[in-house]
Chemist: 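Right, I'll just put the structure down here and ask away after.
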2 protein chains.
Amino acid sequence: MDEKAGVWMRLSDTIAQFIKEMLSQDELEIELQRNDLAAYFQCAPSQINYVLSTRFTPDHGYVTESRRGGGGCIRITRLRKTGGEYLRYLLEERIGESIDENAADIVARQLAERQVISVNDANLIRTAISAQTFAIPIPSQLKDALRARIFRNMLLSIAKRDPQED
Amino acid sequence: MDEKAGVWMRLSDTIAQFIKEMLSQDELEIELQRNDLAAYFQCAPSQINYVLSTRFTPDHGYVTESRRGGGGCIRITRLRKTGGEYLRYLLEERIGESIDENAADIVARQLAERQVISVNDANLIRTAISAQTFAIPIPSQLKDALRARIFRNMLLSIAKRDPQED
DNA sequence: TCTCCTGACCTTCTTTGACTATCAAGAGTA
DNA sequence: TACTCTTGATAGTCAAAGAAGGTCAGGAGA
């Protein structure tokens, strides 16, 4: 059953493959229920979180969101392939966990110049992470960390868009 | 996460949708009886209150009034404000110097729903001010203040960009 | 060692029911 | 007639239970 190239796959790999198959048929995103999936594979619900956090991160080209409470669910979105490598480089190398105002502004401009994102989107990012926005008394270390998070998540949000809706 | 009709909605979402459909047919306001609605959906009457208080607040673009006693009823009114008016209200009053994550997210969605800004722009704002972005150890007071600054500046940036309804 | 997997405990959102507050209309009374 | 009083029909509030998903430490394997 769970075989690949003659080797037994791990449960996590089986679940990951299952999810990827659901996402592979033209679907950009799917919604599923953690408990259902866990029941289907007869594993602990937290195993699903493990799979998601190790195999469906932005670095892998996916973004996940979720809702708790009755009727809650998990949504997994596949990022557009276009610029996938570059996006990964940006997130991991350029932005990382912390970036100062100057560097961030330069990167945002470059993104627009290279037409990776639109000028409007770049300007929105620049606004969100601008010195003016951060003109509030908190340690600059925290500012840089927060700036990186904002930048990172906004880029992911853009990458997540359905190309048809551009 | 965005609601998505289709899959499987919670009772509260179904009721909310039902009410919105009643309001969408040119009606600016409707009057209904709590018990009737509860009976129609076979739920506890207080569920109606839950729906109203979580999905029909002024931030959501609605105002509700009610009368108790025999022949009592609940009146739900859809707010009407032009884009410019609404923007001014948001910048000067609603967002102000501080706004929490939940309210900010609702307001950002509302902006798109009223077509004051595009869905993409709304999503970028929502991302920038999301709980995920702010998942960093700083006092929530500071988070709310920073969130307000980001929200305000992004809105201004968008408004400056396309002066469509001024 | 590193990855996988689980279970105990936590947070968030929904649903329900018991109890409370209010109103309108009819009954009773001066 | 005018003024209570009573009663039934509504709606509101709140706390607890229910229904998801999240986190984390630690054991189990490879």
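Order of the sequence lines sets the chain letters (A, B, ...), proteins ahead of strands, with each chain counted from 1. For clarity, every value in this text was computed on a predicted model and none was experimentally measured.
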Chemist: So does A/S46 get a side-chain nitrogen or oxygen closer than 4.0 Å to the phosphate oxygens (OP1/OP2) of D/dG21?
Modeler: no
Chemist: Is any side-chain nitrogen or oxygen of B/N35 closer than 4.0 Å to OP1 or OP2 of D/dA9?
Modeler: no
Chemist: Atom CD of B/Q47 to atom C1' of D/dC14: distance rounded to whole Å?
Modeler: 15 Å
Chemist: Check whether any side-chain nitrogen or oxygen of A/R68 sits under 4.0 Å from OP1 or OP2 of C/dC10, and answer yes or no.
Modeler: no
Chemist: Return the set of residues passing ring-ring contact (aromatic ring centres under 6.0 Å, His included) with A/F41 (not counting sequence neighbours), or none when no residue passes.
Modeler: A/F18
Chemist: Would you kindly give the CD-to-P distance between B/Q33 and D/dG12, to the nearest whole Å?
Modeler: 12 Å
Chemist: On the nucleotide C/dT15, are OP1 or OP2 found under 4.0 Å from the side-chain N or O atoms that B/Y50 carries?
Modeler: no
Chemist: Between B/F41 (CZ) and C/dT14 (C1'), how many Å, whole number?
Modeler: 16 Å
Chemist: Just N and O in the side chain of A/T54: are any of them under 4.0 Å from OP1 or OP2 of C/dT3?
Modeler: no
Chemist: Side chain of A/S12, heavy atoms from C-beta onward: which of C/dC4, C/dT22, D/dT13 has the nearest atom to it?
Modeler: C/dC4
Chemist: Answer yes or no: is there an ion pair linking A/E92 with A/R88, defined by an N-O contact shorter than 4.0 Å?
Modeler: yes
Chemist: Would you call A/K20-A/D13 a salt bridge at under 4.0 Å N-O?
Modeler: no
Chemist: Using a heavy-atom cut-off of 4.0 Å across all strands, would you classify A/N49 as base, sugar-phosphate, or nothing?
Modeler: base
Chemist: Nearest to the side chain of A/A44, which nucleotide is it out of C/dG17, C/dG7, C/dC13?
Modeler: C/dG7
Chemist: Honestly, is A/R149 close enough over B/F134, meaning NZ or CZ under 6.0 Å from the six-membered ring centre and within 45° of the axis?
Modeler: no
Chemist: Counting any heavy atom closer than 4.0 Å, what does A/I48 reach on the DNA or RNA strands: base, sugar-phosphate only, or nothing?
Modeler: nothing
Chemist: Check every atom of D/dG22, C/dC5, D/dA11 against the side chain of A/L11 and return the nucleotide holding the closest atom.
Modeler: C/dC5
Chemist: In whole angstrom, what separates B/E101's CD from C/dT12's P?
Modeler: 11 Å
Chemist: What's the CD1-P distance between A/I76 and D/dG21, to the nearest Å?
Modeler: 11 Å
Chemist: What contact category does A/G69 fall into here, base, sugar-phosphate, or nothing, at under 4.0 angstrom with non-hydrogen atoms?
Modeler: base
Chemist: Give a yes/no answer on whether the side chain of A/R55 brings an N or O atom under 4.0 Å of OP1 or OP2 in C/dC4.
Modeler: yes
